[in-house]
Amino acid sequence: MSDVKQTGLSKTYDPKEVEEKWYQEWMDKGYFRGPIDVEGETFSVVMPPPNVTGSLHLGHALDNTLQDILVRWKRMAGYKVLWIPGTDHAGIATQAKVEEALAKEGQSKYDLGREAFLERVWDWKHQYGHRITSQLKKLGTSCDWSRERFTMDEGCSKAVQEVFIQLFEKDLIYRGNRIINWCPKCQTTISDIEVEHQEKGGNLWHIRYPVAEGKGEVVVATTRPETMLGDTAVAVHPDDERYQHLIGQNVIIPIIDKTIPVIADEYVDPSFGTGVVKITPAHDPNDFEMGLRHHLPQVNVMTKEAIMNEHAGPYEGMDRYSCRKKLVSDLEDKGYLAKIDEHVHAVGQCYRCDTVVEPMVSPQWFVKMKPLAEPAMEVVHEGRLNFVPSRFTKVYLGWLENIRDWCISRQLWWGHRIPVWYCDDCDYIYCGLSENVPDHCPKCGATTFTQDPDVLDTWFSSALWPFSTLGWPEETEELKKYYPTSVLVTGRDIIFFWVARMVFMGLEFQKDVPFRDVFIHGLILDGQGRKMSKSLGNGVDPIEVIEQYGADTLRFMLVTGNTPGNDIRFHLERLEGTRNFVNKIWNASRFALMHLHDYKGHQPWGELTLADRWILSRYNSVVGAVTKALENYDIGEGARLLYDFLWNEFCDWYIELVKPRLYGKDDTVTDAVASRQTAQKVLRHVLSGTLQLLHPYMPFLTEEIWQQLPHHGDTIMLSSWPEVDPNHVDYTAEEEMALLMELIRSARNLRAEMNVPPGKKAELILLTDEEKAQKILTEGKSYIASLATASEVSIRSIKTEKPEGAVTAIVQRVEIYLPLKDLIDIEKEIERLQKELAVTEKELQRLQGKLSNQSFVSKAPVEVVEKEREKAEEGQKKKKALEERIGALKSL
RNA sequence: GGACGAUUAGCUCAGCUGGUUAGAGUACUUGCUUGACAUGCAAGGGGUCGGCGGUUCGAUUCCGUCAUCGUCCA
């Protein structure tokens, strides 16, 4: 009678209850907390803070799964781990949401006023700010929630002020009247990288500007005719022979009859349009620079709403596009329009609302980038900062090399207020903490100051995230212990926005990189390869996926079959495959548990069978390979290795091989009890270790099973990461099993081709003269019998008489005979063998061709040549055996 | 205009520093209620690795070039 007990586990795994239970347990026990007073090597990560009012999308799910995998792995590997979570106040996005809500009540933020409006935003934050973090918990993220931060909490705000003040004092922050990108809809400036350029079909209008003195005209090409109202010059290239005579003269802007000079500047591209360009310093960044070089006035012709203003003469009050239309038709009527060409050009749009951005001159705050960018580039060259994959280094460096000053002021209410006060009576500026605003202006003695109304770019506070979350500007233990962080995991779309800025801020304020590695992953696309977006409606809600399939399935699926940095197409079918894998592990574990109820933790291994030695060796190799994959950030590769090992080697082979021993039905062993105990030990060891390797990927499932297996410790989370055990590396066992597996497959193939009913046991005769093979066959006889459904397996010498009425296959110098008596059709069998012979001959030919190539033999490494030679020999023997068999059948 | 990535089985993707008979999942075909699992088992079919050159004894892998698609920058 067998020692099988029911486990009480259901046939299919139900993630829901399991996941909630374990997450709660981990939280209650404080397993996620970053230790402070414990010595040891550290591993720290700051979570890219999602928008506080947002909800979890697949991008977050991927990003945080990757972080969680690294974090859980390192924690098991004995590192002192700190993973800080948090959320971002997301200036424009959040403000827009609250404004939207207000609009539904028929109100605007101006109706409320600044203070009341901010209260509303805080209310909103308190109400919805926990949604995304609770969603992250469903995903299984093991971050230290006791240290959760928010970019506008007290500490982060303090850091922001401190950084602003220090940069101001170092002259790295300045206020300037410069050209910025203005979003007429959001009513704020945005930085250069917040402008998205889109190719759009437009026109190139050629406009005649009459020469002021004397006769003639110049024709100017422009994509934005309405800005001509703000022209303060036209420019030509200094070497352009066509226009030499005009340099220094004046031309007249049509319609408004304004006289402006013709200037010469290297910047002008003589081959573009007519080689004469209009210069509008107030509405174009390049013209702005040129205007500075030539001391041209700046004429702003638009309001903040992009409505033409008083400088637009007859067009005052029109929006920029109606103005364009009207102006063009007026020019045409008056004969000033030379021609219209079709022209594709890049139009800058607001990343938030897609409104076409208007370059404008306006007083704003800027960060001087050159001195900050230099060290941020150096650390990469010095190897102190690494990008994974490395190709992203170029993207990062390229941006920093061509960087322009960063406009950090935003005309919003929600955000970090700029810590600057202006004297109401003179031009004195105070920059510092609010509690230290002077009573009297040191310059004029006035007693009233007004704070700058603007707030800072959200990315300004995000840039400080790696040290503000650790408590800076206080000198905290966290900061000492965990800065710099180990790795930043983020999408490739925010290298500029965020990564680069964290690096220079970290270098400036901590004198060290904020993280040593930057692990960049791709974006998640829909099945057709399109970006997921609200407007397309092709988004997939990770929470729905978790509810349907479980977090482990989602996590594993997201990181499988993908290489670092590459985009991922999201296919629902892939979820099913992963769910099946989860279920497979569940059932393999059920099997193990059925046979482990009486497991006593038997001390010695006992006598290991070939199958035991094989699976232990394979398991060991997987331990090494998975660890190495993780070290290289090859998360997908690690997942693949575990999938293959568990499904193919552990389930399909080892469990099948070990069944007779566990059921006590292996009559080939002398001591059935001892054999069973060894099997139990190996089964538990390998399964338990594999679950540990899998834990970073599938935290919930692995914990659930591990808890039921015989184990030491309270949680798999804090169990020690498996290490390679050299005693279990056994290449001989791997080789021997490989032969047996091949034989079994081959025998099964014969049975299938001959339509032997699956349940019917049939005799197998194996012939070989190889001593080694004979030994292996003898040892593996019972495996062959059980897995190839053989009634009897006889092993004989090739020289003995060949079985009659049998079908044949040849595997590595072993001839397999499946005697079927009269059932076989000799003609058909000859045909089958001839097919096989043809394949063998073809391969042999290829090998012989290679070996007879003198340069191959002399130039290729010896091992390679030797390997080819062995294969050729093998093929030769197989060929001979096949020919003999065919000959024998023919002579019947 | 510049840079980067992709192009491998019907579909989705692996394939590290050049030597495997080019792999997986899925789909497909055939047969199976085999005492863990039909979310499963077994056996199979399916690819001139985008085109053209080059380096090499040998190229899916390295180099050049072109094509198509995508992304970023200007």
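In the text below, chain A, chain B and the rest are named by the order of the sequence lines, each starting its count at 1. Note that the coordinates shown come from a computational prediction; the quantities given were computed from them, not determined experimentally.
Between A:N580 and B:rG40, a side-chain N or O to OP1/OP2 separation shorter than 4.0 Å is present. A close approach under 4.0 Å does occur between a side-chain nitrogen or oxygen of A:R569 and OP1 or OP2 of B:rU12. Regarding contacts with the backbone of B:rG58, every side-chain N or O of A:K859 stays at 4.0 angstrom or more from both OP1 and OP2. Contact check, A:W653 against B:rC41: no side-chain N or O comes under 4.0 Å of OP1 or OP2.
Where A:D652 and A:V864 meet RNA chain B, the nucleotide closest to each residue was compared, and A:V864 sits on the side nearer the 5' end. Residues A:A752 and A:F650 each lie close to RNA chain B; by heavy-atom proximity, the contact nearer the 5' end of the strand is made by A:F650.
Going from atom CD of A:E868 over to atom P of B:rG18 covers 17 Å, rounded to whole Å. Across the protein-nucleic acid pair, A:D634 atom CG and B:rG15 atom P stand 8 Å apart, rounded to whole Å. Distance, A:L525 CG to B:rU12 P: 12 Å, rounded to whole Å. Following rounding to the nearest Å, A:W586 (CH2) and B:rU39 (C1') show an atom-to-atom distance of 14 Å. Across the protein-nucleic acid pair, A:R846 atom CZ and B:rU48 atom P stand 17 Å apart, rounded to whole Å. To the nearest angstrom, P of B:rG25 lies 16 Å from CE of A:M557. Taking atom CZ of A:R579 as the reference point, atom C1' of B:rC37 lies 12 Å away to the nearest angstrom. Remark: C1' of B:rC37 and OH of A:Y13 are 15 Å apart, rounded to the nearest angstrom.
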Applying the Watson-Crick and G-U criteria (both distances under 3.5 angstrom) with [ ] for crossing and | for other-strand pairs, one obtains for RNA chain B (((((((..((((.....[...)))).(((((.......))))).....(((((..]....)))))))))))).
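For B:rU12, the base has no donor-acceptor partner in the side chain of A:R574 [N/O atoms by modelled type, under 3.5 angstrom]. No donor-acceptor contact under 3.5 Å links the side chain of A:K11 to the base of B:rC37.
Ring geometry for A:Y643 versus A:F556: interplanar angle under 30°, hence parallel rather than tilted (30 to 60°).
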Each nucleotide of nucleotides 69-74 of chain B classed B (base within 4.0 Å of a protein heavy atom), S (only sugar-phosphate) or -, in 5' to 3' order, makes --S-SB
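Under a cutoff of 6.0 Å and an axis angle of 45°, A:R748 and A:W653 form a cation-pi pair. At least one cation-pi condition fails for A:K659 and A:Y654: the charged atom is not both under 6.0 angstrom from the six-membered ring centre and inside a 45 degree cone around its axis.
For A:P758, whose side chain is taken as the heavy atoms from C-beta onward, the closest listed nucleotide among B:rC32, B:rU21, B:rA42 is B:rC32.
When atom types are taken as modelled, the side chain of A:E829 and the backbone of A:T808 share a donor-acceptor pair closer than 3.5 angstrom. The main-chain N or O of A:D287 is found under 3.5 Å from a side-chain atom of A:D284 such that the two form a donor-acceptor pair.
Close placement of the A:H685 and A:Y619 rings is indicated, their centers lying within 6.0 Å of each other.
Annotation: B:rG1 and B:rU48 have their P atoms spaced 34 Å apart (nearest Å).
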